[in-house]
Amino acid sequence: GLRALEGPAVDDLLLEALTSASAPGLRVDLIRLLDSRGVAKATPEILKQAAAPEKDVSIAALSAMGSLAGPNELPGLIALTRSCSDEGVRDAAETALAGVCSRSGDAASETVLNNLKQATTAAERNCWIRVLARVGYAKALPAIEAAASDPDPAVADNALVQLGRWPDAAPMETLL
């Protein structure tokens, strides 16, 4: 019923309910409602919820961030993605980052590419490679192709898998 109600006053009440809710199931439902209603002004609170200790809440919030977040939320999403220890939460964070990069243009993708260039662990390099490949950011292609020859087999394998998902035939030579 709340989805059908119109007006910014309903959005404000839903956001207020989210900030005061303690039950994880209710928070998940409210996050999904705010997302389905396209309430972009809820992104600061939803980003806070993305850092929640409850996996379901975190994944729901990150899913919402994928469609609601913009360039202002990019640093927070990058920090969350970097700190994720759970694979499911990390995947949701990567998907949210890819969504922001796709909607926000080259500046957001360039920020992720810079994180790839500065990454010191295989897990981080793999994470940024997956995000950039999902976006199909052309300027990242040389770095991802270079990663296909990384001395760490996990990074090299991931880079090859991601190049196989590239949106066009640009990485064909590397894949061959």
Side-chain angles (χ1 to χ4, degrees), residues 1-119 124 126-140 144 162 165-167:
L2 290 172
R3 261 185 220 138
L5 294 177
E6 294 182 18
V10 176
D11 297 340
D12 293 341
L13 289 171
L14 290 171
L15 181 54
E16 184 180 318
L18 176 60
T19 56
S20 63
S22 59
L26 177 58
R27 291 181 7 233
V28 167
D29 289 342
L30 290 167
I31 290 166
R32 288 180 179 156
L33 270 169
L34 289 163
D35 183 23
S36 71
R37 293 173 65 85
V39 184
K41 67 182 172 183
T43 55
E45 178 59 30
I46 293 174
L47 187 58
K48 287 180 197 170
Q49 297 291 329
E54 302 90 358
K55 181 178 177 177
D56 292 347
V57 173
S58 185
I59 289 174
L62 288 165
S63 176
M65 293 301 286
S67 60
L68 295 176
N72 293 338
E73 290 76 33
L74 190 64
L77 281 172
I78 287 173
L80 271 171
T81 304
R82 185 178 287 124
S83 67
C84 287
S85 58
D86 181 273
E87 190 175 322
V89 174
R90 179 180 289 122
D91 184 55
E94 290 172 7
T95 301
L97 269 175
V100 171
C101 289
S102 294
R103 283 190 321 282
S104 300
D106 288 355
S109 296
E110 192 64 33
T111 301
V112 176
L113 178 57
N114 288 334
N115 276 277
L116 171 61
K117 292 175 180 176
Q118 297 169 8
E124 274 189 57
N126 283 335
C127 171
W128 307 133
I129 288 169
R130 284 189 296 268
V131 170
L132 291 165
R134 283 182 188 172
V135 176
Y137 184 53
K139 289 183 182 178
I144 297 172
Q162 299 312 314
R165 296 179 178 152
W166 200 258

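Bear in mind that the values here come from a model prediction, so they are computed numbers and not experimental data.
Between P24 and E54, the closest heavy-atom pair is CG-CG, 3.8 Å. The two residues Y137 and W166 come nearest to each other via the heavy atoms O-CH2, 3.3 Å. Closest heavy-atom contact between A98 and V131: N-CG1, 4.0 Å. In terms of heavy atoms, L62 sits closest to A93 at CD1-N, 3.7 Å. Residues D35 and S63 share a closest heavy-atom pair of OD2-O, 4.2 Å. Closest non-hydrogen pair, A42 versus L15, comes out as CB-CD1, 3.8 Å.
The backbone N or O of A50 sits less than 3.5 Å from a side-chain atom of S58, completing a donor-acceptor pair. No donor-acceptor pair closer than 3.5 Å links the side chain of S104 to the backbone N or O of C101. Put simply, the side chain of R27 gets close to the backbone of S22: a donor and an acceptor are under 3.5 Å apart. With hydrogens and angles ignored, the 3.5 Å screen pairs no side-chain donor or acceptor of R134 with any backbone N or O of R165.
Every residue meeting the side chain to side chain contact (heavy atoms under 4.5 Å, CB included) condition with D86, not counting sequence neighbours, appears here in chain and number order: K55, V89.
Between atom CG of residue L30 and atom OG1 of residue T19 there is a gap of 9.5 Å, rounded to the nearest 0.5 Å. Here the NZ-OG1 distance, from K48 to T43, works out to 11.0 Å after rounding to the nearest 0.5 Å. Going from atom CD1 of I129 over to atom CD of Q162 covers 8.0 Å, rounded to the nearest 0.5 Å. To the nearest 0.5 angstrom, L113 atom CG is 11.5 Å from W128 atom CH2. Put simply, OG on S20 and CG on L26 are 8.0 Å apart, with the number rounded to the nearest 0.5 Å. If you take CG on L77 and CG on N72, they are separated by 11.0 Å, rounding to the nearest 0.5 Å.
Within the 4.5 Å cutoff, side-chain heavy atoms of T111 are placed close to those of I78. L68 has its side chain within reach of I46: a pair of non-hydrogen atoms, C-beta onward, lies under 4.5 Å apart.
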Subject >> Candidate pair L18 and I31, rule side chain to side chain contact (heavy atoms under 4.5 Å, CB included), full reasoning >> reply: CA-CA 7 Å; L18 176 60; I31 290 166; 3.9 Å; yes
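More than 12 heavy atoms of other residues, nucleotides or ligands lie within 6.0 Å of CD in E110, so this atom counts as buried by the packing criterion.
Among E94, E124, R130, the one residue that satisfies the side chain to side chain contact (heavy atoms under 4.5 Å, CB included) test with T81 is E94.
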Show me the donor-acceptor pairs within less than 3.5 Å that the side chains of residues 4-12 make with the rest of the protein, sequence neighbours left out.
{"from": "D11", "atom 1": "OD1", "to": "R37", "atom 2": "NE", "distance (Å)": "2.6"}
{"from": "D11", "atom 1": "OD1", "to": "R37", "atom 2": "NH2", "distance (Å)": "2.9"}
{"from": "D12", "atom 1": "OD1", "to": "K41", "atom 2": "NZ", "distance (Å)": "2.4"}

